[in-house]
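Taking it in order: structure first as structure tokens, then the write-up.
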Amino acid sequence: QVQLVESGGGSVQAGGSLQLSCVGSGYTYIGHCMAWFRQAPGKEREGVAAIDSDGKTSYAASVKGRFTISQDNAKNTLYLQMNSAKPEDTATYYCAIEPVPAAKYCKGLNGDFRHWGQGTQVTVSS
């Protein structure tokens with residue numbers, strides 16, 4: 001059974017930094033697409049950043065240059081380094097994974113993701 005567990009959320013002042021982690025278990029994939037999404041109250045879920053098993057990354061325009069997605073495949077762990085945080089980054093952040101035969105099948109934030117974590121809350125105060 002695939003399980004994704006996020007951690008690292010919390011409160012930070014605008015301009016500050018936070019690192020989110022997502023530990024996966026219950027799977028061994030040849031290839032994968034992983035991503036961070038977020039959802040603020042009253043808003044639709046939006047993609048934040050994606051990475052494939054070869055390390056190719058993509059970002060939403062709103063976080064490009066401020067956030068960095070990375071992974072440690074040996075530890076089945078996904079990270080999101082959030083720098084220069086803004087109040088509009090306040091949301092519940094979710095990690096997601098989709099197994100694929102090879103990284104070339106990943107579609108970044110436009111792909112479908114089969115497995116999701118429960119989310120971790122991030123609050124950025126002004």
Side-chain angles (χ1 to χ4, degrees):
Q1 182 178 355
V2 177
Q3 189 173 18
L4 299 173
V5 179
E6 301 97 337
S7 64
S11 297
V12 64
Q13 288 193 328
S17 298
L18 210 59
Q19 186 182 60
L20 307 184
S21 299
C22 171
V23 178
S25 61
Y27 63 87
T28 302
Y29 297 145
I30 296 174
H32 64 255
C33 317
M34 296 195 76
W36 288 97
F37 289 79
R38 67 186 181 187
Q39 188 166 21
K43 295 188 176 181
E44 291 189 356
R45 185 177 65 196
E46 64 172 346
V48 176
I51 189 168
D52 66 27
S53 42
D54 284 349
K56 181 180 177 181
T57 60
S58 58
Y59 296 89
S62 58
V63 306
K64 199 168 186 178
R66 300 189 298 120
F67 291 8
T68 301
I69 188 171
S70 62
Q71 62 189 351
D72 184 335
N73 290 334
K75 296 181 179 179
N76 279 1
T77 302
L78 180 71
Y79 302 98
L80 184 69
Q81 178 66 41
M82 304 170 59
N83 296 331
S84 303
K86 301 178 179 180
E88 50 264 44
D89 294 324
T90 296
T92 300
Y93 284 70
Y94 302 89
C95 66
I97 188 170
E98 173 68 13
V100 291
K104 66 179 182 179
Y105 294 103
C106 293
K107 299 178 180 179
L109 294 172
N110 295 318
D112 295 321
F113 294 86
R114 192 173 315 178
H115 305 289
W116 294 79
Q118 294 300 306
T120 185
Q121 176 67 38
V122 172
T123 302
V124 184
S125 57
S126 58

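The residues of the chain are indexed from 1 along the displayed sequence. Note that the structure is predicted; figures quoted are calculated from it, not measured.
- Distance CE/Met82 to OG1/Thr68: 11.5 Å, rounded to 0.5 Å.
- With rounding to the nearest 0.5 angstrom, the CD atom of Gln81 is 9.5 Å from the OG atom of Ser21.
- With a 6.0 Å radius and a threshold of 12 heavy atoms from other residues, nucleotides or ligands, Gln13 has its CD atom at or below the threshold.
- Using a 4.5 Å heavy-atom threshold, the side chains of Arg114 and Pro99 count as touching.
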For this session: Kindly indicate, with the supporting measurements, whether the criterion side-chain contact (heavy atoms from CB on, under 4.5 Å) is fulfilled by Tyr59 and Leu109.
Result: CA-CA 8 Å; Tyr59 296 89; Leu109 294 172; over 6 Å; no
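- For the atom pair Ile51 CD1 and Ser58 OG, the distance stands at 9.0 Å (nearest 0.5 Å).
- Of all non-hydrogen atoms in Asp52 and Ala103, the two that sit nearest each other are CG-CB, 3.7 Å.
- Of the possible polar contacts, one joining the Glu6 side chain to the Gly119 backbone as a donor-acceptor pair under 3.5 Å is found.
- Judged as a ring pair (Phe, Tyr, Trp, His ring centres under 6.0 Å), and not counting sequence neighbours, the contacts of Tyr27 are Tyr29.
- To the nearest 0.5 angstrom, Gln118 atom CD is 11.0 Å from Thr92 atom OG1.
- Across Val63 and Val48, no two heavy atoms sit closer than the pair CG2-O, 3.5 Å.
- Thr123 contributes no side-chain N or O that, together with a main-chain N or O of Ser11, makes up a donor-acceptor pair within less than 3.5 Å.
- Side chain of Trp36 to backbone of Tyr79: a donor-acceptor contact under 3.5 angstrom is found.
- In this structure, NE2 on His32 lies 12.5 Å from NE2 on His115, to the nearest 0.5 angstrom.
- Residues Met34 and Ile69 have side chains not in contact (no heavy-atom distance under 4.5 Å, counting atoms from C-beta outward).
- In this structure, Thr90 contributes its side chain and Val124 its backbone to a donor-acceptor pair below 3.5 Å.
- Below 30°, between 30° and 60°, or above 60°: for Phe67 and Tyr93 the angle between ring planes is between 30° and 60°, a tilted geometry.
- A heavy-atom distance below 4.5 Å is not found between the side chains of Asp89 and Val122.
- Contact of the Arg38 side chain with the Glu46 side chain is registered, since non-hydrogen atoms from C-beta on lie closer than 4.5 Å.
- Contact record, Ala85 with Val12: CB-CG1, 4.2 Å, taken as the closest heavy-atom pair.
- Rounded to the nearest 0.5 Å, atoms CG (Asn76) and CD1 (Ile97) are 7.0 Å apart.
- The nearest pair of heavy atoms linking Ala35 to Leu78 is O-CD2, 3.8 Å.
- Heavy-atom minimum distance, Ala40 versus Ala91: N-CB, 3.8 Å.
- When all heavy atoms are compared, the tightest approach of Asn83 to Ser17 is OD1-OG, 2.9 Å.
- Every pair passing disulfide (SG to SG under 2.5 Å) that includes a residue from residues 67-126 is listed here, sequence neighbours excluded: Cys22-Cys95, Cys33-Cys106.
- Clustering ILVMFWY residues whenever any of their side-chain heavy atoms sit less than 4.5 angstrom apart, transitively, puts Tyr94 in a cluster other than the one holding Leu4.
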